[in-house]
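Since this is a predicted model, take the numbers as computed values, not measurements. Every chain is numbered from 1 and lettered A, B, ... according to where its sequence line falls, protein lines coming before strand lines. For the numbers below, each heavy atom of this structure counts, side chains included, while hydrogens, waters and symmetry mates do not.
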Number of protein chains: 2
Amino acid sequence: MPAHHDAPAATVDIDEVLELVRAHGGRVTSARRAVLSALVSADAHLTAEEVAQAVHSDHPDVHLSTVYRTLEALEQLGVVTHVHLGHGKASYHLAERVHHHAACEVCGHVIELPADLLSDVVRELKERHGFVADVHHFAFVGHCTTCLPEGHIR
Amino acid sequence: MPAHHDAPAATVDIDEVLELVRAHGGRVTSARRAVLSALVSADAHLTAEEVAQAVHSDHPDVHLSTVYRTLEALEQLGVVTHVHLGHGKASYHLAERVHHHAACEVCGHVIELPADLLSDVVRELKERHGFVADVHHFAFVGHCTTCLPEGHIR
DNA sequence: ATCTTTGCAAACTTTTTGCACCAAT
DNA sequence: ATTGGTGCAAAAAGTTTGCAAAGAT
C-alpha cells in the first residue's frame, strides 16, 4: 500500500470505461463521456453540482438529474464512489482513488488520508462481530488546525 | 441483544437537566420534560420522529418541530448527541452514553461498540495533522452477518 | 425498430424557519 | 410584563422519479 500521497495519476481510460458501459447494455452518450472526463480531470472531490458545472462548459444542456443518474450508473459499475464529507451534499470521485477523508466542519477543508487507516478496526469488526464495514463512505468530521473548537487549548 | 453492554443505567436526572435549562435562561415546559424523559427511558437510539411518537402518548399536541428544537437545545447544553446511522434520519441519544455504531445498510440493525474504538486513530489525526476529530458523529456503515454483500465469501 | 437516456418539472425526505399566539418566569 | 416556546404552514436542501421526446444501437 502506498504511503501518503502518491495520487495514482488517472489510470482510468475513459474509452475503456465507456466500453464497460456498453458491455452492460448501456449506451454511450456525450453526457456520460463528459461526466466521466470531469471526474478524471478533477484533482479533488466534486459534488454532483460541481460535476454539472464542469460538464456545462462543453455541454450546457446536460441536466443535473442526468449527472446524478450517470454518477449512479458509474457507481454501479464500480468506477465511481461517493463520500459524505459532512451534512450537506455528497462528493464523488473515481473509485480507484479510495482513501479516507477528514473534513473540517468550519472551513470545509478536506484532508486526504491513507486508505488503510482503519484496517485494524475493519478487521476487528469482521472478526468480532461479522460486520463488513465500508469505512470510506463517511468522512471524519471535526476541526482542522486553524479552526480549533472553542475552549480547545492549542 | 448487543454483545458487551455496559450501559451505565441512566444516571441522568431529568429535573437536574431542567434546572440546567433554566440556568441558561430557558423555560421548563412540558414538551421539554417529555422529550427528555423519552430519551432517558429509551434503551436505543431514537429518531426525532420516534421521540415525537413517544412524547405523543402523553402529550399528543407536541409538534415534530418542537421536538427538533428541543433536541437541539439539549444538544447545546451537552445533554444530548445525535449520530447518523446511514443516509436517512439522524438518531438521538443521551450524551453520557457515547459509543460507536455499526449500522447494517440492509436490515438497519445497529451494533454498539466501545467509545474508545478509534482512540489510536484520533490520536494520530491530532498529532500528524492537527485535526480534532469527532469520530462518533457518523456510524460505520456496512453489512451485518446475516446481510452479507453479494459475492462475499463467508 | 428497439430499448436506453435525457430534459424537465414535480415529488420526496428530513430538517429548519417565520410568524402570530401562548406560556413560564 | 417580559422573554422565550409552541403549533402550524411553508421553505430549504439534496436527491429522486414519472413521463414524453430524443438518441444510441
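- What you find for His82(B) and Ala90(B) is that their closest heavy atoms are CD2-CB, 4.0 Å.
- The separation between Glu75(A) atom CD and dT15(D) atom C1' is 13 Å, rounded to whole Å.
- Counting heavy atoms from C-beta on, the side chains of His87(A) and His84(B) come closer than 4.5 Å.
- Rounded to whole Å, the distance from CD on Glu50(B) to P on dT13(C) is 16 Å.
- In this model, no donor atom of one side chain and acceptor atom of the other lie less than 3.5 Å apart for Glu112(B) and His100(B).
- What separates CG of Leu85(B) from C1' of dT13(C) is a distance of 16 Å, to the nearest Å.
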Determine, stepwise, if the pair His137(B) / His101(B) fulfils ring pair (Phe, Tyr, Trp, His ring centres under 6.0 Å). CA-CA 9 Å; His137(B) 196 83; His101(B) 306 80; over 10 Å; no
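- Between His56(A) atom NE2 and dG7(C) atom C1' the separation is 11 Å, expressed in whole Å.
- Within residues 61-68 of chain A, the residues that place at least one heavy atom under 4.0 Å from DNA chain C are, in residue-number order, Asp61(A), Val62(A), His63(A), Ser65(A), Thr66(A).
- Both Val21(A) and His84(B) lie near DNA chain C, and the one whose nearest nucleotide falls closer to the 5' end is Val21(A).
- Regarding Leu77(A), its CG atom lies at a distance of 14 Å from the C1' atom of dT4(C), rounded to whole Å.
- Backbone-only engagement by Arg22(A) is indicated by non-hydrogen atom pairs under 4.0 Å involving sugar-phosphate atoms exclusively.
- Distance His82(A) NE2 to dG14(D) P: 14 Å, rounded to the nearest Å.
- Between Ile14(B) and Arg33(B) the shortest side-chain heavy-atom distance falls below 4.5 Å.
- Between dT15(D), dG18(D), dT6(D), one nucleotide has an atom nearer to the side chain of Ala90(A) than all others, and that is dT15(D).
- Across the protein-nucleic acid pair, His59(B) atom NE2 and dC22(C) atom C1' stand 17 Å apart, rounded to whole Å.
- Ion pairing between a basic and an acidic side chain is recognised when a charged N comes within 4.0 Å of a carboxylate O; Arg69(B) and Glu72(B) show no such pairing.
- Heavy-atom minimum distance, Ala103(A) versus Phe131(B): O-CZ, 3.5 Å.
- As rounded to whole Å, 12 Å separates atom P of dG14(D) from atom NE2 of His87(A).
- Interface residues of residues 23-33 of chain A facing DNA chain C, ordered by number: Gly25(A), Gly26(A), Arg27(A), Thr29(A), Ala31(A), Arg32(A); criterion, heavy-atom separation under 4.0 Å.
- Taking 3.5 Å as the limit, the base of dG4(D) and the side chain of Arg69(B) contain no donor-acceptor pair of atoms between them.
- No donor-acceptor distance shorter than 3.5 angstrom exists from the side chain of Thr66(A) to the backbone of Val62(A), with no hydrogens or angles considered.
- Aromatic ring centres of His99(A) and His45(A): separated by under 6.0 Å.
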